[in-house]
Each structure stands twice: as C-alpha cells, then as structure tokens.
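To keep things clear, I will list the structure first and then write my remarks on it.
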Amino acid sequence: AQKVTQAQTEISVVEKEDVTLDCVYETRDTTYYLFWYKQPPSGELVFLIRRNSFDEQNEISGRYSWNFQKSTSSFNFTITASQVVDSAVYFCALTQWMDSNYQLIWGAGTKLIIKP
Amino acid sequence: SAVISQKPSRDICQRGTSLTIQCQVDSQVTMMFWYRQQPGQSLTLIATANQGSEATYESGFVIDKFPISRPNLTFSTLTVSNMSPEDSSIYLCSVEGRTGGSHRTYEQYFGPGTRLTVT
C-alpha cells in the first residue's frame, strides 16, 4: 500500500536560515503524483506544488524549491532564507489509484516554526 | 484553482444531534472529497463524492453516520449524525482542480473548513 513518511514532526529555525522538509514515499504505481501543501495557523490548506513521477526536474519558485528523487523515493522541500510567515504545518501527499478514481495519501505533517 | 466556501465555519453542538455542513464551489467540478482533521493530526479521508453517483466511503466511515449529498457539480453536503464528543474535529471539503480543458491535475483545493465541537 502507498505510504508517505514525514519523519520530522517539528522543526524550529531562526529567521533567514534555510530549512529542508523531508518526504519519503512508498508506492507500487509507475505513474503517480506527489504534492506539498501548507497549513498556516489560520487552518486553510494551501496547495504548493504537484510533481508527476515522470518529471524529476527540480522545481524552484521564489524561496521555495523541491527536490524529487525517484531513486530514493523522496520529494524534499527546501525554504531558503526562511521568514516568520513560513511558519506552518507542511504536508506531503501521494496519489493512490482506486479503480477509476483516486485518493491522496497524506503524511503526518511537519510543523515548521520560524523564530524572529 | 477553484474558490470553495463552507458553512458553517464553526459550531458547537449537543451530543446526539446532527449537523449538516455545506460546501459550495465557484465552478463545476466532478470530484469532491470530504476529510476530517483532528487537532494536530493529518487529514483523514471520509468519502469521495462524485456528482450522479453514490459517495464512496473509506474504511471506518459509514453512510448512516456521515450521509453525503451531491445534487449538482458545484455543491455538496456532509451530515455528521448522532454526534458524540469524538466527532469534534475540523471537517474539510476539497475539489480536484482542472486545467482549461478536461485534463486532470489530481490537485486538490480545500475549503476553509468547519470546526465542530460536540459537548
């Protein structure tokens, strides 16, 4: 069965430090999608990125970057020059196909605390 | 991405009563999902609701307890029936976003959630 592991329960860094959030997944599918979501203290889940299994190119969006490595089944998320507004819980998720539908398998989340 | 609203945003209910949560989307979507998120926990899928078919429930969730309606492509409701304190949680609806055509993204976009407290 599919599984997503976010081993880091909580990370605390000082503002402007770089921080990497780890995501390791298990799947038997050859085609799958990986996602990162942000859940700030306000509670609303915000979609950050989608990556499909055939695209191993790293992605950069401003201070955010994602490293997808199929060889290690990892999809790590790095925030460069962190800011207090980055404080949130971050979830990694993986598609699981169910007949003609799908669902997302969620990691436990990593709580990121950015201290001023 | 779709704009999703949920009503109510929060409620405090007596045990044994029922609450219906509404989810409204600003565009037509095929797939809608209902999740539960306990404080400090990850998301747990309750059911998938496709318009025109019965909702598909995940293990541990049954229709009698969590009936779902999906009358059209922009609206769904989740009812939490015969509530107990263990049902206290945040309930989230989400939809799958699509590109301009019919191409699927498998990205899910979430409503703001309904915070339910059962006393």
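Proteins come first, then strands; the chains are lettered A, B, ... in the order of their sequence lines, and each starts at number 1.
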What part of F91(A) is in contact with chain B, defined as an atom under 4.5 angstrom from a non-hydrogen atom: side chain, backbone, both or neither?
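The answer is the side chain of F91(A).
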
Answer yes if [X] and [Y] sit in the same cluster of Ile, Leu, Val, Met, Phe, Trp and Tyr residues linked by side chain heavy atoms under 4.5 Å apart, and no otherwise.
| X | Y | answer |
| --- | --- | --- |
| L116(B) | F61(B) | yes |
| I46(B) | I21(B) | yes |
| V89(A) | Y109(B) | yes |
| V62(B) | W34(B) | no |
| V25(B) | L104(A) | yes |

Which of residues 36-59 of chain A get closer than 4.5 angstrom to chain B, counting heavy atoms alone?
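Counting heavy atoms that sit under 4.5 Å from chain B, the residues of residues 36-59 of chain A involved are Y37(A), Q39(A), E44(A), L45(A), F47(A), R50(A).
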
If you define the side chain from C-beta out and look only at heavy atoms, does anything of F35(A) sit under 4.5 Å from Q108(B)?
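A side-chain contact is absent here, since even the closest heavy-atom pair is not under 4.5 Å.
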
Determine, step by step, whether Q41(B) and W106(A) satisfy the side-chain contact (heavy atoms from CB on, under 4.5 Å) criterion, reporting the C-alpha distance in whole Å, the side-chain angles of both residues, the deciding distance to 0.1 Å, and the verdict.
CA-CA 10 Å; Q41(B) 303 292 312; W106(A) 296 82; over 6 Å; no

So for atom [atom1], which belongs to [X], do other residues, nucleotides or ligands contribute more than 12 heavy atoms lying within a distance under 6.0 Å?
| X | atom1 | answer |
| --- | --- | --- |
| E54(B) | CD | no |
| K65(B) | NZ | yes |
| K7(B) | NZ | no |

Would you compute the distance between atom OG1 of T30(B) and atom CG of N101(A) and round it to the nearest 0.5 angstrom?
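The CG atom of N101(A) is 10.0 Å from OG1 of T30(B), to the nearest 0.5 Å.
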
To the nearest 0.5 Å, tell me how far Y33(A) OH sits from E107(B) CD.
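That separation rounds to 10.0 Å.
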
Determine the option with the most heavy-atom pairs under 4.5 angstrom with chain A, choosing from F110(B), Y106(B), F33(B).
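Among F110(B), Y106(B), F33(B), the one with the most close pairs to chain A is Y106(B).
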
Per-residue contact mode, L45(B) against chain A (heavy atom under 4.5 angstrom)
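L45(B) touches chain A through side-chain heavy atoms alone.
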
Taking side chain as everything from C-beta outward and backbone as N, CA, C, O, which of these in L92(B) sits under 4.5 Å from a heavy atom of chain A? Side chain, backbone, both or neither.
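The side chain, not the backbone.
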
Who passes salt bridge (charged side-chain N to carboxylate O under 4.0 Å, His left out) against R63(A), sequence neighbours left out?
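Residues passing salt bridge (charged side-chain N to carboxylate O under 4.0 Å, His left out) with R63(A): D86(A).
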
Any donor-acceptor pair under 3.5 Å linking the side chain of S42(B) with the backbone of G109(A)?
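Answer holds: no.
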
